[in-house]
Engineer: 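A single structure is presented below for examination.
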Amino acid sequence: MAPQDPSHAPLAERLRPRSLGEVIGQAHLLGEGMPLRIAFESGRPHSCILWGPPGTGKTTIARLMADAFEAQFLAISAVLGGVKDIREAVEQALVAQAHGRRTIVFVDEVHRFNKSQQDAFLPHVESGLFTFVGATTENPSFEVNSALLSRAAVYVLQPLAEEDLRRIVERAQAIGAVPAIETAALDRLLAYADGDARRLLNTLETLAVAASSERRETIDDAWLLKVLGERMRRYDKGGEQFYDTISALHKSVRGSDPDASLYWFARMLDGGADPRYIARRLIRMATEDIGLADPRALRLALDAADVYERLGSPEGELALAEAVVFLAMAPKSNAVYKAYNEVRALVKKDGTRPVPLHLRNAPTRLMKDLGYGRDYRYAHDEADGFAAGESYFPDGLRPEPLYRPVERGLEIRIAEKLRELRRRNDQPR
């Protein structure tokens, strides 16, 4: 079979860096003296997690790592793969090892693997059979199991800056893949890319094909909007209007106006906002502005996000709309939010006080002899399951009440219970 003409390869592949020097962005990791640059230059690969938004170079870095260490590169998609793919990777790594060659196993979207699937890598990472490189858009602290996480360095990739995106456009134009682009059109295109090189490259490719078919030598703003449609019309993601619209949605929910909340929700979708981003903001609203006044709000926001992941657009958007209305109509409380911020400030200012002896764990005889756990009052053995008068703060620390529930929703009952407990605490024993 004749080799494929490189000019027919996707633009993203044609521009894929072949060396560290060609990588655009991530200077905090790949610049001189930076962590990943040092790892590349050391000649000693190590397992790692590359955490960052889409289109920031995770796959490229993993491939360059394999090239730098002359290692076999095996890629697994956690969306499509499973334990069978892991077993096949192990078998190929054993063959490579027998011939004195290293192997790098790259797992894209590793957060999609469940715990048992992630655990399947552990013995081989520990034995050194292969170097594990996972890519994820989600916080690995929550999505990667602790055993695997403890054996891998975590590197955080950042969205590409506007100047980085401009350099990508210049490279595409240097190989004749994209025609000239007027300033206004380029600014809109870079805002739409929002730090995502893959999105930028895919969009450039779409424009190049359309421009070629019309024999157009220059891309202007009006033509850009015509080709790419309404998704680029109003929504300057990453710009001022983006944050203003988010702010309007959040404040409408906080202000208990379901109509205005739905309006701003629809405006965000119409402008091209990622529904997953909106889902994350709804979860934040549930914890910050509703809290324990109605704990169902958080569960509903999480469920709506999950429904969207299962159904996608447009069907999943209705679940998000339901969450928007529920949050807007729910009783409001920021009591936990305020208490959490106050206690963080307290801990930062106060320093690290020792844990009182009666609250310490005493798993050994020596610790018991030293007084660990002595005089601890087991609440279940006390009247009403409450050890009245017991102190759970470090010695010498007794701050003013931090959690102050409001007189709305469930927190009305919580406040009643808290007043009674504090009254009993204040009574002499």
Engineer: Within a radius of less than 6.0 Å around CZ of Arg18, do more than 12 heavy atoms belonging to other residues, nucleotides or ligands occur?
Structural biologist: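 Enclosed: over 12 neighbouring heavy atoms sit under 6.0 Å from CZ of Arg18.
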
Engineer: Between the main-chain N or O of Val253 and the side-chain N or O of Ser261, is there a donor-acceptor pair closer than 3.5 Å?
Structural biologist: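 Checking the backbone N and O of Val253 against the side chain of Ser261, a donor-acceptor pair under 3.5 Å is found.
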
Engineer: For Asp187 and Ala184, indicate whether the former's side chain and the latter's backbone hold a donor-acceptor pair under 3.5 Å.
Structural biologist: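 No, Asp187 side chain to Ala184 backbone: no donor-acceptor pair under 3.5 Å.
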
Engineer: Do Arg151 and Glu126 meet the salt-bridge criterion of a basic N to acidic O distance under 4.0 Å?
Structural biologist: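 A salt bridge links Glu126 with Arg151.
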
Engineer: Can you tell me if Thr56 uses its side chain to pair, donor with acceptor, with the backbone of Gly52 under 3.5 Å?
Structural biologist: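 Answer holds: no.
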
Engineer: Given the rule in the salt bridge (charged side-chain N to carboxylate O under 4.0 Å, His left out) test, do Glu205 and Arg198 qualify, once you have shown the distances and angles that lead to the verdict?
Structural biologist: CA-CA 11 Å; Glu205 197 153 35; Arg198 186 184 301 114; over 6 Å; no

Engineer: Can you confirm whether Glu217 is buried at CD, in the sense that more than 12 heavy atoms of other residues, nucleotides or ligands lie under 6.0 Å from that atom?
Structural biologist: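 Counting neighbours around CD of Glu217, 12 or fewer heavy atoms of other residues, nucleotides or ligands fall under 6.0 Å, so no.
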
Engineer: If you compare all heavy atoms of Thr136 against all heavy atoms of His111, which two are closest, and at what distance to 0.1 Å?
Structural biologist: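 Scanning both residues completely, I find the closest heavy atoms to be OG1-ND1, 2.8 Å.
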
Engineer: Ignoring hydrogens, what is the shortest heavy-atom contact between Asn361 and Tyr372? Give both atom names and the distance.
Structural biologist: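 Distance-wise, the nearest heavy atoms are O-CD2, 3.3 Å.
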
Engineer: Over 60° means perpendicular and under 30° means parallel, so tell me whether Phe130 and Phe121 are parallel, tilted or perpendicular.
Structural biologist: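 Perpendicular, since the angle between the ring planes exceeds 60°.
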
Engineer: My understanding is that only one of Val107, Val79, Leu80 makes a side-chain contact (heavy atoms from CB on, under 4.5 Å) with Arg112; could you say which?
Structural biologist: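 When side-chain contact (heavy atoms from CB on, under 4.5 Å) is applied between Arg112 and each of Val107, Val79, Leu80, only Val79 qualifies.
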
Engineer: Looking at every non-hydrogen atom in both residues, tell me the closest pair between Thr131 and Ser47 and how far apart they are.
Structural biologist: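 Looks like CG2-N, 3.6 Å.
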
Engineer: Regarding Glu416 and Arg413, does a basic nitrogen lie under 4.0 Å from an acidic carboxylate oxygen?
Structural biologist: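 No, no charged N to carboxylate O under 4.0 Å.
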
Engineer: Work out which heavy atom in Leu160 is nearest to a heavy atom in Ala197; give both atom names and the distance.
Structural biologist: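 Looks like CD2-CB, 4.0 Å.
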
Engineer: Can you check whether Ser146's main-chain N or O pairs, donor with acceptor, with Gln118's side chain at less than 3.5 Å?
Structural biologist: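 Here the side-chain-to-backbone pair does not exist.
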
Engineer: Indicate yes or no: does Glu138 engage Arg276 in a salt bridge with an N to O separation below 4.0 Å.
Structural biologist: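 Here Glu138 does not pair with Arg276 in a salt bridge, since their nearest N and O are not under 4.0 Å apart.
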
Engineer: Between Glu342 and Lys338, does any side-chain N to carboxylate O distance fall below 4.0 Å?
Structural biologist: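 Lys338 and Glu342: not salt-bridged.
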
Engineer: Under the salt bridge (charged side-chain N to carboxylate O under 4.0 Å, His left out) rule, what do Arg299 and Asp306 come out as? Steps first, then yes or no, please.
Structural biologist: CA-CA 10 Å; Arg299 182 67 265 168; Asp306 185 53; over 6 Å; no

Engineer: Atom CZ of residue position Arg296 - does it have more than 12 heavy atoms of other residues, nucleotides or ligands inside 6.0 Å?
Structural biologist: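 No, the 6.0 Å shell around CZ holds no more than 12 heavy atoms from other groups.
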
Engineer: Check Arg254, Lys332, Lys251, Arg281 against Glu288 for a salt bridge (Lys or Arg N to Asp or Glu O under 4.0 Å) and give me the one that passes.
Structural biologist: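 The passing option is Arg254.
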
Engineer: Indicate yes or no: does Glu170 engage Arg166 in a salt bridge with an N to O separation below 4.0 Å.
Structural biologist: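 Salt bridge between Glu170 and Arg166, a charged N being under 4.0 Å from a carboxylate O: no.
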
Engineer: What's the verdict on side chain to side chain contact (heavy atoms under 4.5 Å, CB included) for Asp350 and Arg353, showing C-alpha distance, side-chain angles and the deciding distance?
Structural biologist: CA-CA 8 Å; Asp350 188 65; Arg353 298 183 185 231; 2.5 Å; yes

Engineer: Does OH belonging to Tyr376 count more than 12 external heavy atoms closer than 6.0 Å?
Structural biologist: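 Count over threshold, so yes.
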
Engineer: Could you check whether Arg199 makes a cation-pi contact with Tyr192, meaning its NZ or CZ is under 6.0 Å from the centre of the six-membered ring and within 45° of the ring axis?
Structural biologist: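 So Arg199 does make the cation-pi contact.
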
Engineer: Can any side-chain N or O of Gln72 pair as donor or acceptor with the backbone N or O of Arg102 at less than 3.5 Å?
Structural biologist: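 Looks like no, no N/O pair under 3.5 Å.
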
Engineer: So, His250 side chain and Thr245 main chain: donor-acceptor pair closer than 3.5 Å or not?
Structural biologist: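 No, the answer is negative, given that no donor and acceptor are paired below the 3.5 Å cut-off.
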
Engineer: Looking at every non-hydrogen atom in both residues, tell me the closest pair between Tyr403 and Leu418 and how far apart they are.
Structural biologist: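 Tyr403 and Leu418 have their closest heavy atoms at O-CD2, 3.7 Å.
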
Engineer: Ile76 and Ala89: which non-hydrogen atoms are nearest, and at how many Å?
Structural biologist: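 For Ile76 versus Ala89, the nearest heavy atoms are CD1-CB, 4.1 Å.
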
Engineer: Distance-only, no hydrogens or angles: does the Asp164 side chain make a donor-acceptor pair with backbone N or O of Ala161 under 3.5 Å?
Structural biologist: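 Present.
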
Engineer: Ignoring hydrogens and geometry, is there a side-chain-to-backbone donor-acceptor pair from Gln26 to Leu157 under 3.5 Å?
Structural biologist: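 No; zero donor-acceptor contacts below 3.5 Å.
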
Engineer: Does Ser212 reach the main-chain N or O of Val209 with its side chain, forming a donor-acceptor pair under 3.5 Å?
Structural biologist: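 Absent.
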
Engineer: Does Arg44, at its CZ atom, have more than 12 non-hydrogen atoms belonging to other residues, nucleotides or ligands within less than 6.0 Å?
Structural biologist: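 Count not over threshold, so no.
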
